[in-house]
Amino acid sequence: MGSPSIRQLEKYIRRMALDSFNVAITNHTASRMRQRRINRPMVFEVLQKGVLGTTPEPDIKHGGLNCRMVRYVAGMNVAVVVNVEYPEPDLIVVTVID
């Protein structure tokens, strides 16, 4: 299977994020969420309704692609960086940015 386009990745992330079972939040991410006052519902809204803010980058250390989904939510711009190993269903939230 070839590499997915940016729009295909965007749709894929949105679809996978509909089921919270598919989304893993790392300890680093949880720490950044507390620090930046970003909660789980905000993260899921960004993943389910956001757009890719930058071109996905390969993750040399862990494999897959790091995709930055962005959306204006709860009065602030929020970016969620998620690692995707397309077509695997798991999404790993790497960090959140405000």
Side-chain angles (χ1 to χ4, degrees):
M1 177 182 280
S3 298
S5 71
I6 289 178
R7 294 302 149 231
Q8 287 172 320
L9 268 174
E10 207 172 68
K11 288 171 126 178
Y12 174 78
I13 292 167
R14 289 176 183 163
R15 189 173 67 246
M16 291 302 107
L18 290 173
D19 184 353
S20 63
F21 183 77
N22 295 329
V23 180
I25 295 178
T26 65
N27 290 334
H28 169 79
T29 302
S31 174
R32 293 299 168 261
M33 287 169 62
R34 283 188 300 278
Q35 178 184 21
R36 297 173 178 149
R37 295 185 173 98
I38 296 171
N39 58 33
R40 288 179 67 88
M42 292 166 71
V43 169
F44 278 91
E45 182 172 338
V46 172
L47 292 175
Q48 293 169 1
K49 298 178 182 177
V51 296
L52 279 169
T54 60
T55 303
E57 299 177 5
D59 186 330
I60 304 301
K61 187 174 181 181
H62 299 107
L65 294 171
N66 285 337
C67 302
R68 182 185 291 212
M69 297 289 284
V70 297
R71 182 169 172 82
Y72 187 78
V73 58
M76 61 194 286
N77 288 310
V78 177
V80 176
V81 179
V82 63
N83 182 274
V84 178
E85 289 197 38
Y86 186 84
E88 297 296 319
D90 300 326
L91 303 176
I92 299 170
V93 181
V94 178
T95 194
V96 294
I97 304 162
D98 61 350

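All values reported here derive from a predicted model rather than from experimental measurement.
Under a hydrophobic-cluster definition in which Ile, Leu, Val, Met, Phe, Trp and Tyr are linked whenever side-chain heavy atoms come within less than 4.5 Å, directly or via other members, Ile6 and Val70 are assigned to different clusters. Using a 4.5 Å cut-off between side-chain heavy atoms of Ile, Leu, Val, Met, Phe, Trp and Tyr, with links allowed through other members, Ile13 and Val73 fall into the same hydrophobic cluster. Leu91 and Ile25 fall within the same hydrophobic cluster, defined by Ile, Leu, Val, Met, Phe, Trp and Tyr side-chain heavy atoms under 4.5 Å apart, directly or through other members. If you chain together hydrophobic residues whose side chains sit under 4.5 Å apart, Val78 and Met69 fall into the same group. The hydrophobic clustering, which links ILVMFWY residues whose side-chain heavy atoms are closer than 4.5 Å, places Val46 and Val94 apart.
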**Prompt:** Which is it for Val51 and Arg14 under the side chain to side chain contact (heavy atoms under 4.5 Å, CB included) test, yes or no, and what are the steps along the way?
**Reply:** CA-CA 9 Å; Val51 296; Arg14 289 176 183 163; 3.5 Å; yes

**Prompt:** Please walk me through it: do Glu57 and Arg68 pass side chain to side chain contact (heavy atoms under 4.5 Å, CB included)?
**Reply:** CA-CA 9 Å; Glu57 299 177 5; Arg68 182 185 291 212; over 6 Å; no

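Between Met76 and Ile38, the closest heavy-atom pair is CE-CG1, 4.1 Å. The shortest heavy-atom contact between Cys67 and Val84 is SG-CG2, 4.1 Å. Gly64 approaches Asn83 most closely through the heavy-atom pair C-ND2, 4.3 Å. The minimum heavy-atom distance between Ala17 and Phe44, with the atom names listed, is O-CD2, 3.6 Å. Listed here is the closest heavy atom pair of Met42 and Ala74: CE-CB, 3.9 Å.
Asp90 and Asn22 share no donor-acceptor pair across their side chains, judged by distance under 3.5 Å alone.
Residues Glu10 and Arg7 form a side-chain contact, since some pair of their non-hydrogen atoms from C-beta on lies under 4.5 Å apart. Using a 4.5 Å heavy-atom cutoff, the side chains of Val96 and His28 are not in contact.
Atom CZ of Arg36 sits in a crowded spot, with more than 12 heavy atoms from other residues, nucleotides or ligands closer than 6.0 Å. Enclosure of atom CG in Asp19 by more than 12 non-hydrogen atoms of other residues, nucleotides or ligands within 6.0 angstrom is indicated.
Of the residues listed (Thr26, Val81, Thr29), the one engaging Val93 in a side-chain contact (heavy atoms from CB on, under 4.5 Å) is Thr29, and it is the only one. Val82 pairs in a side-chain contact (heavy atoms from CB on, under 4.5 Å) with only one of the listed residues (Leu65, Leu47, Asn66), which is Leu47.
In this structure, the separation between CE on Met16 and CG on Leu9 is 11.5 Å, given to the nearest 0.5 Å.
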